[in-house]
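What follows is a set of notes on a single structure, which appears directly below.
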Number of protein chains: 2
Amino acid sequence: MVVFAAQGDARRSMALLWRGPGSPGAHTGPGPKPALSVDAIVDAAIAVADADGMAGLSMRAVGDRLGCTAMALYTYVPNKSELLDLMYDRAHAELPSAYELGSGWRAAAAGWSGDLLAFYLCHPWVLQVSQARPVLGPNEYVVLETVVRILHGTGLPAVMLRRVVGTLFSFVRGAAQTVAETRQAPTVTGVSDEEWWLARSAMLTELAPDFTERFPAISAMESAGAFAPADDAMPYLEREARETFAAGLTVLLDGVEVAIAKTAS
Amino acid sequence: MVVFAAQGDARRSMALLWRGPGSPGAHTGPGPKPALSVDAIVDAAIAVADADGMAGLSMRAVGDRLGCTAMALYTYVPNKSELLDLMYDRAHAELPSAYELGSGWRAAAAGWSGDLLAFYLCHPWVLQVSQARPVLGPNEYVVLETVVRILHGTGLPAVMLRRVVGTLFSFVRGAAQTVAETRQAPTVTGVSDEEWWLARSAMLTELAPDFTERFPAISAMESAGAFAPADDAMPYLEREARETFAAGLTVLLDGVEVAIAKTAS
DNA sequence: CCGATCACTTTACACCATAAGGAGCCAGAC
DNA sequence: GTCTGGCTCCTTATGGTGTAAAGTGATCGG
């Protein structure tokens, strides 16, 4: 019975996430005392992922950081995927959960979105964890509770509120991904992204001399100054992505206001 | 000189993408005639990725599909990362590039967004290709050209137009990711996501009996009917994600209209 | 017809997750 | 106090990955 087995797995993983019975370091039985703990492993794994990214997160690397072998971890965590779930939830505990609603929902929503973006940029690996199971652990519920509370006073009907929340998440995640990958690229290739960008442009005009005819709208936008070069310390692509985030958030929240107005009428 | 080496690599990869000199099957020299081609390899790789996802995309798998070893591919493609870039660009050729603007920019933008969503759902692996380098190949430029042309008539200033485009991409990508991962999860675990959802809910009330007190806003939203159960054939999570996309797109485009109105005044 | 040059193969290496089995420790049973 | 069974942690092994290195054989220019 595959279903029962899967449900059994689901039970254990939920117990791990919510620290239900069977997971903490009770350990009354025989055998050597555990030298590790799920918490320690999750912390170490987050440290590894923060430092070396998702690509550097291997069971060996986590074990090395804790002074044990990779296999020792499997006593505490059933497999790497479960460990990822635990990391995902634990990381979300960093997010603020209280927002001042005195200045209105919009300021709070903007603040929350900005904090979420910052969080994703602080732990970019979070963006690579599957989002299929929307919410699983207690800290993820806290995040959801926080944003729902912010939007609760808008008077939006429940279904619409849920969709607005989903849209906000989609947008922030998308923007964060762009910034995060923008940041990652130069370190990988060893070329600053300004150089990279310039080199690409030069090659483009060489490889596609008919660029202006083939892509008139892009060319028009370009000559209208849409792609102004960097003028400060921040890398070009990152600044672009950040401004897109700020402008996009304004657009999105304007749209939410329209939805609220529609509801009221 | 790392920089020059990297630029050399960049040159070759751009040449591959834009089919510049040096890449096609000219082959005038000695040696056996090439049995494969870059195009054939890219096609095979896309077929593998469509069928088995990014996880199933290995050089060996692509080689098997073409009746050769994995190493044979390295004669045509420098490495897997380049192959991914080529796949990414080639796939984007499927997207429509002409939209009727007679009914206004909004209808066209909604149609384009829907087509982009459908494209991502048809090739979910595209979402896992790094987005750091925003546009590289000719087909990606066609996609950009298409959406810029749609929004060109709105009168938005160039910089704002670029940001709106970025926001649209962020949003559609985020929504597509949710739907795609939602689809993927049940096949992996072997449990339908409705069962899965129900099992989780049951366990939640068991593991967190104080749920209502800890998460009042979520509970209120829930009891207000935000999480209505599935009533048709479509899986619950997927339907939810699709409705979030539709509603979010409306909100977003409402926000764009506000931005246009601000520009006009 | 010969030898340089290419496509392609085999082999090898380092890494990955994790299954399997073994070594040592230690609370409780006697 | 000794035994024992359960526990943690280790070593080893398996089948996967990308790709470097070297070998094989076909093909063309000379």
Side-chain angles (χ1 to χ4, degrees), chain A residues 5 9 12-13 22-41 44-45 48-49 52-87 125 128-130 188, chain B residues 5 9 12-13 22-42 44-45 48-49 52-87 125 128-130 188-189:
Chain A
D9 286 359
R12 190 172 46 193
S13 73
S23 70
H27 185 66
T28 52
K33 275 162 194 157
L36 277 56
S37 70
V38 175
D39 280 344
I41 291 173
V48 170
D52 304 332
M54 198 66 128
L57 179 73
S58 71
M59 298 302 266
R60 277 174 172 81
V62 177
D64 282 355
R65 181 170 281 259
L66 292 167
C68 67
T69 65
M71 288 312 289
L73 309 177
Y74 285 89
T75 322
Y76 302 86
V77 162
N79 52 45
K80 189 181 182 180
S81 157
E82 293 281 348
L83 176 58
L84 276 176
D85 285 349
L86 291 168
M87 293 166 63
W125 52 268
Q128 294 173 52
V129 177
S130 169
V188 170
Chain B
D9 286 359
R12 188 172 46 189
S13 73
S23 68
H27 183 69
T28 53
K33 275 163 192 156
L36 278 55
S37 70
V38 175
D39 280 345
I41 291 174
V42 173
V48 170
D52 304 332
M54 197 66 127
L57 179 74
S58 70
M59 300 300 270
R60 284 173 172 84
V62 177
D64 282 355
R65 181 170 281 259
L66 292 167
C68 67
T69 65
M71 288 313 291
L73 309 177
Y74 286 88
T75 322
Y76 302 87
V77 162
N79 52 42
K80 189 181 181 180
S81 158
E82 293 283 347
L83 176 57
L84 275 177
D85 286 349
L86 290 168
M87 292 167 62
W125 52 269
Q128 293 173 53
V129 177
S130 170
V188 169
T189 59

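All chains are named by letter (A, B, ...) in the order of the sequence lines, taking the proteins before the strands, and each is independently numbered beginning at 1. If you're wondering where the values come from, they're calculated on a predicted model, not measured in any experiment. Just so you know, these numbers use all the heavy atoms, side chains as well, and skip hydrogens, waters and symmetry mates.
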Answer yes or no: does a side-chain N or O of [X] lie under 4.0 Å from OP1 or OP2 of [N]?
{"X": "B:K33", "N": "D:dC28", "answer": "yes"}
{"X": "B:T75", "N": "C:dA7", "answer": "no"}
{"X": "A:T69", "N": "D:dC9", "answer": "no"}

When the distance from [atom1] of [X] to [atom2] of [N] is rounded to whole Å, what number comes out?
{"X": "A:L73", "N": "C:dA19", "atom1": "CG", "atom2": "P", "result": "14 Å"}
{"X": "A:L36", "N": "D:dC10", "atom1": "CG", "atom2": "P", "result": "9 Å"}
{"X": "B:Y76", "N": "C:dC6", "atom1": "OH", "atom2": "C1'", "result": "10 Å"}
{"X": "B:L57", "N": "D:dT19", "atom1": "CG", "atom2": "P", "result": "11 Å"}
{"X": "B:Y74", "N": "D:dA21", "atom1": "OH", "atom2": "C1'", "result": "14 Å"}
{"X": "A:L83", "N": "C:dT18", "atom1": "CG", "atom2": "P", "result": "10 Å"}
{"X": "A:M71", "N": "D:dA13", "atom1": "CE", "atom2": "P", "result": "14 Å"}
{"X": "B:M59", "N": "D:dA20", "atom1": "CE", "atom2": "P", "result": "10 Å"}

Between the base of D:dG16 and the side chain of B:R60, is there any donor-acceptor pair under 3.5 Å?
no
Heavy-atom distance under 4.5 Å between the side chains of A:V62 and A:M59, does that happen here?
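A side-chain contact under 4.5 Å is absent here.
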Are any non-hydrogen side-chain atoms of A:K80 and A:L73 less than 4.5 angstrom apart?
no
Which nucleotide wins on minimum distance to the side chain of B:N79, given the candidates C:dA17, D:dC10, D:dT19?
D:dT19
Considering only heavy side-chain atoms of B:K80, the closest of D:dT17, C:dA17, C:dC6 is D:dT17
Starting at [atom1] of [X], measure out to [atom2] of [Y] and round the result to the nearest 0.5 Å.
{"X": "B:L83", "Y": "B:L57", "atom1": "CG", "atom2": "CG", "result": "6.5 Å"}
{"X": "B:R60", "Y": "B:M71", "atom1": "CZ", "atom2": "CE", "result": "9.0 Å"}
{"X": "A:C68", "Y": "A:I41", "atom1": "SG", "atom2": "CD1", "result": "7.0 Å"}

Classify the nucleic acid contact of A:A72 as base, sugar-phosphate or nothing, counting any heavy atom under 4.0 Å across all strands shown.
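Counting heavy atoms under 4.0 Å across all strands, the contact made by A:A72 is with sugar-phosphate only.
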